[in-house]
S.K.: 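This structure is in structure tokens; I'll ask about it shortly.
Just follow the structure's listing: the first ligand is 1, and inside any ligand the first atom is 1. This is a predicted model, so every value here is computed, not measured.
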Amino acid sequence: MSVRPQRILGIESSCDETGVALVQLDEQRPPQLLAHALHSQIDMHQAYGGVVPELASRDHIRRVVPLTRQVMADAGLSLPDVDLVAYTRGPGLAGALLVGAGVACALATSLGKPMLGIHHLEGHLLSPFLSADPPEFPFIALLVSGGHTQLMRVDGVGRYELLGETVDDAAGEAFDKSAKLMGLPYPGGPHLSRLAEGGREDAFDLPRPMLHSGNLDFSFAGLKTAVRTHLVRLGWLDDAAALADPASRATLVDLAASTQAAIVEVLVKKSLAALKETGLKRVVIAGGVGANRLLREQLGRACQRRGIRVHYPELHLCTDNGAMIALAAAMRVQAGLAQPSHEPVFDVQPRWPLASA
Ligand code: KG4
Ligand code: ZN
């Protein structure tokens, strides 16, 4: 007798994106994404130059139920078909996390179904398993998001060893803060990357922080300070008119290209060092910065030369989304690791090391 597939609803609300998705788990088959929906708050926060936590929480409240309805309709199913409700338990903004956790627990309780809190970074880390070219364990994972820069050794679901991480700003923060200094909108990473096109990567002398530190840690705070120093020297710091002046553009394009090149070089070299140290032949790049084209090109080229396979999530699943949360829950259930609860648990974890998840 065949067992009915399990359907897992995933809710992501840790920062400025509300994501909902439905993943199906069949026996002996990789998890399948049935439907997913996303609302990005970027437009709302842009006026403030960064995420305003209270506004983020309120917007998650407005979006999460309509998005859930949309996902169920797109999958051609209804809520009683859901077997487990997964949500992001942390890390992230406390208020924003509480919205997702509250809705997930209320929904699961009213349906009489279990609920499961998931680590946001585990979602990012496992997201390439929804791609057309999923990785095999073990692999090195480079997690590069707005709040985290980590190198992990991944031996299986739930078996994560931290090899190195940033001691200050994350790579995404380095992109965002440098972009803000250059007068670009929030979130700066994709804007800086676009501005950098055609620029000279060696036009500005920028530091490659901790490149020769002898370990796998990162530091990006000094890079942002160096960008600031160049802008002071140019007389453009906090001068919106000078930054927007077409006469400044060629120099700004070079500064953006130099900044991006510095961040990418450190990420690539440290990833190669982690691969060399562990002897592993696979690397997974996850998190928003994983969408960066230069990073993909340079890491791809360096790995090809060394016979190393590089895996990415599908481009639309690089940034925050509900699919990765439902998927992580599905893989935890499949691995026999998850203990879904029938009791609502409101213990979100704004700070939460992945190794202890
Ligand atoms: O993983 P994510 O969506 O959210 C967090 O969990 O933080 O990552 C967001 C980060 C932001 O810092 C954003 O600027 C960066 O990812 N990002 C990029 C690109 N797309 C997103 N950075 C560089 N190049 C990109 N193309
Ligand atoms: Zn994220």
S.K.: I need the contact type for H120 against ligand 1. Using non-hydrogen atoms and a strict under-4.0 Å cut-off, is it side chain, backbone, both or neither?
M.R.: side chain
S.K.: Could you list the cluster mates of L93? Members are the ILVMFWY residues connected by side-chain heavy atoms closer than 4.5 Å, either directly or through other members.
M.R.: V51, Y186
S.K.: So, at under 2.8 Å, which protein N, O or S atoms would a careful student list around the Zn ion (ligand 2)?
M.R.: H120 NE2, H124 NE2, D320 OD1
S.K.: What do you reckon, does A291 put a non-hydrogen atom under 4.0 Å from ligand 1?
M.R.: yes
S.K.: Under 3.5 Å, N or O to N or O, is S193 touching ligand 1 that way?
M.R.: no
S.K.: Does G172 reach ligand 1 with a nitrogen or oxygen that is under 3.5 Å from one of the ligand's nitrogen or oxygen atoms?
M.R.: yes
S.K.: Who passes side-chain contact (heavy atoms from CB on, under 4.5 Å) against R58, sequence neighbours left out?
M.R.: E54
S.K.: Side chain, backbone, both or neither: which applies to N292 and ligand 1 if a contact is any heavy-atom pair less than 4.0 Å apart?
M.R.: both
S.K.: Considering only the protein, which heavy-atom contact is closest to atom 11 (C) of ligand 1, and what is its distance?
M.R.: D176 OD2, 3.5 Å
S.K.: In the protein, which heavy atom is nearest to atom 9 (C) of ligand 1, and how far is it?
M.R.: G146 N, 3.7 Å
S.K.: Is the shortest N/O to N/O distance between P187 and ligand 1 below 3.5 Å?
M.R.: no
S.K.: What do we get for R293 next to ligand 1 when only non-hydrogen atoms under 4.0 Å count, side chain, backbone, both or neither?
M.R.: neither
S.K.: Please list all pairs passing the ring-ring contact (aromatic ring centres under 6.0 Å, His included) test where one or both residues lie in residues 75-118, with sequence neighbours left out.
M.R.: none
S.K.: Do any nitrogen or oxygen atoms of E17 come within less than 3.5 Å of a nitrogen or oxygen of ligand 1?
M.R.: no
